[in-house]
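Working notes, structure below.
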Number of protein chains: 2
Amino acid sequence: MSLPHAILTALLERPSSGLELARRFDRSIGYFWSATHQQIYRELGRLERSGCIRALASQRPARGRKKEYEVLPAGRAELTGWVSGREDPKPVRDALLLRMRAAAVVGTDGLPDELRRHLALHERQLADYADIEARDFSGRPGTAAETTPERTEAPTEADRLRHLVLRAGMDLERLWVDWLTEALREISAAPAGPDGA
Amino acid sequence: MSLPHAILTALLERPSSGLELARRFDRSIGYFWSATHQQIYRELGRLERSGCIRALASQRPARGRKKEYEVLPAGRAELTGWVSGREDPKPVRDALLLRMRAAAVVGTDGLPDELRRHLALHERQLADYADIEARDFSGRPGTAAETTPERTEAPTEADRLRHLVLRAGMDLERLWVDWLTEALREISAAPAGPDGA
DNA sequence: ACACTTTGTGCACCTGGTTGCACAAAGTGT
DNA sequence: ACACTTTGTGCAACCAGGTGCACAAAGTGT
């Protein structure tokens with residue numbers, strides 16, 4: 001049950017219409033919670049019905065008419081509660097790891113190509129994040145490489161938290177890049193064949 | 001569509017009944033793909049109907065009667081194809097990162113406790129993996145700390161792949177431990193308050 | 001006036017995972 | 001003989017996310 005909270009967060013940062021939200025999900029928010037525009041509209045409807053958000057009365061509602069939403073006190077309260085609440089981390093569920101495990105049984109034929117493909121994808125994603133970091137967080141240290149110590153302005157608490165989240169994304173991509181590299185070396189060391197030795 | 005493949009893999013490693021599979025999912029398989037026993041039974045039914053697996057004729061089927069399955073050639077072929085096929089990595093979707101981002105907007109009240117709780121959970125999981133590694137892979141190097149170079153036997157290819165998968169799990173847990181530690185330091189540096197500065 | 005594209009909203013359906021519960025056989029204690 | 005627990009199988013309902021498609025208004029070119 002995270003999508004409504006993702007939307008509330010986005011709406012608190014800036015009141016938006018459904019399509020604007022969808023675009024923001026494709027960018028900054030999407031790197032830790034993705035959603036399609038259909039999901040977003042559906043959820044906006046629910047949030048409005050439950051009194052968490054309200055449509056700004058810019059134009060009277062009609063099918064193809066833009067509709068902007070803002071968060072109501074109830075919505076903010078809901079979000080505040082959710083942030084501090086308890087919710088266990090969900091167990092890992094990764095298809096690639098599963099495929100690797102399956103390859104231990106049926107052989108690694110064709111796997112290396114797929115691993116290389118994933119490697120390229122993760123390298124690309126990492127590079128994109130690095131760009132975002134350079135743009136939005138002016139290359140401050142964090143986990144990243146060091147740049148010239150040209151701090152323009154002391155970052156706000158909110159900035160530091162957002163940077164932290166981005167860094168988690170970068171760390172994850174780096175993890176996969178490293179792991180895939182290691183996996184490719186491991187596999188090429190002893191080519192393949194159904195089941196080991 | 002990974003659960004059927006997870007089951008095929010498990011069944012190839014050793015023919016089992018539904019409950020045995022469920023138990024194995026709670027242990028080794030569960031660290032990258034979890035499933036409840038209900039899911040497993042449902043999927044076993046589908047796999048049998050589609051000719052990928054077959055029930056061993058130990059007893060004639062009845063409601064409370066144990067039923068063991070083995071993989072048929074069609075099932076092995078299906079799995080082999082899946083291993084080498086294309087399947088993009090799914091975008092990250094992590095509720096904790098989302099909550100952190102929300103905290104940047106509504107404040108970090110109550111968050112540190114939750115972060116500490118997650119930290120403990122991940123440390124625990126990492127320790128469990130380390131135990132498994134020591135038991136099943138006799139503490140060979142990998143990403144882990146070095147032990148005495150007492151290689152008992154050269155590992156098979158299958159062993160090395162399974163170890164690789166386990167190491168990915170360990171790397172992930174380590175990532176969260178490190179990130180949570182950093183996050184806690186970052187937050188305690190400037191206590192809280194709704195929105196930054 | 002007309003077709004075409006872009007921006008914007010939304011429904012209907014499907015799928016995979018989760019929860020709750022029920023049913024059946026076999027073993028265990030009294 | 002009886003109740004109780006353990007082992008084992010399974011259905012039904014639900015829920016969140018994903019896909020496909022439709023509809024509406026406004027702008028753009030000819």
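Heavy atoms only: backbone and side chains are in, while hydrogens, waters and symmetry mates are out. All values derive from a computational prediction rather than experimental measurement.
Nucleotide D:dT9 holds its P atom 16 Å from the CD atom of B:E43, rounded to whole Å. Note: OH (B:Y41) to P (C:dA22) measures 18 Å, nearest angstrom. To the nearest angstrom, P of C:dG10 lies 13 Å from CG of A:L47. Rounded to whole angstrom, the span from the CZ atom of B:R46 across to the P atom of C:dC14 amounts to 14 Å. If you take CG of B:L44 and C1' of C:dG17, they are 16 Å apart, rounded to a whole angstrom. In this structure, CE of B:M1 is placed 14 Å from C1' of C:dC14, rounded to the nearest angstrom. Taking atom CG of B:L3 as the reference point, atom C1' of C:dT18 lies 13 Å away to the nearest angstrom. The interatomic distance linking B:Y69 (OH) with D:dT9 (P) rounds to 8 Å, in whole Å.
With A:L121 as reference, A:R117 is the one residue of A:R117, A:R124, A:Q125 to meet the side-chain contact (heavy atoms from CB on, under 4.5 Å) rule.
The aromatic rings of A:W176 and A:W179 sit perpendicular, their planes meeting at an angle over 60°, well past the 30° parallel limit. Ring orientation note: the planes of B:Y129 and B:Y31 are nearly perpendicular, at an angle over 60° on the 30°/60° scale.
Residues in residues 70-114 of chain A take part in these ring-ring contact (aromatic ring centres under 6.0 Å, His included) pairs, two or more places apart or across chains: A:H5-A:W82.
B:F32 meets the ring-ring contact (aromatic ring centres under 6.0 Å, His included) test with no other residue; sequence neighbours excluded. Residues passing the side-chain contact (heavy atoms from CB on, under 4.5 Å) test with A:S34, sequence neighbours excluded: B:P91, B:R93. Scanning for salt bridge (Lys or Arg N to Asp or Glu O under 4.0 Å) contacts around B:E48 gives an empty result, with sequence neighbours left out. Qualifying side-chain contact (heavy atoms from CB on, under 4.5 Å) partners for B:R54, counting only residues two or more places apart in sequence or in other chains: B:E70, B:L72. Remark: A:D113 engages A:R116 in a salt bridge (Lys or Arg N to Asp or Glu O under 4.0 Å) (not counting sequence neighbours). Scored by the side-chain contact (heavy atoms from CB on, under 4.5 Å) test, B:A35 finds B:L3, B:F25, B:Q39, B:I40 as partners (sequence neighbours excluded). For B:R23, the salt bridge (Lys or Arg N to Asp or Glu O under 4.0 Å) test picks out no residue, with sequence neighbours left out. With sequence neighbours left out, the salt bridge (Lys or Arg N to Asp or Glu O under 4.0 Å) criterion links A:D131 to no other residue.
Across the helix from C:dA1-D:dT30 to C:dT30-D:dA1, the helix axis at one end is tilted relative to the axis at the other end by 0° (nearest 10 degrees, each axis from five pairs).
Contact of A:Q38 with D:dG18 (side chain to base): no donor-acceptor pair of N or O atoms is detected under 3.5 Å. For D:dG17, its base never sits under 3.5 Å from the side chain of B:R93 at any donor and acceptor pair. With hydrogens and angles left out, the side chain of B:H37 and the base of D:dG8 share no donor-acceptor pair within 3.5 Å. Not a single donor-acceptor pair, N or O on each side, falls under 3.5 Å between the base of D:dT9 and the side chain of B:R42.
Here A:S17 lies in heavy-atom contact (under 4.0 Å) with sugar-phosphate atoms only.
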All N/O pairs under 3.5 Å across the protein-nucleotides 26-28 of chain D interface:
| from | atom 1 | to | atom 2 | distance (Å) |
| --- | --- | --- | --- | --- |
| D:dA26 | OP1 | A:R65 | NE | 3.4 |
| D:dA26 | OP1 | A:R65 | NH2 | 3.1 |

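Shown for residues 19-36 of chain B: residues whose heavy atoms fall under 4.0 angstrom of DNA chain D, namely B:L19, B:R23.
Contact between the side-chain N/O atoms of B:K90 and the OP1/OP2 oxygens of D:dG18 is not found at any separation under 4.0 Å. Remark: B:Q39 is not in phosphate contact with C:dG16, judged by side-chain N or O atoms under 4.0 Å from OP1 or OP2.
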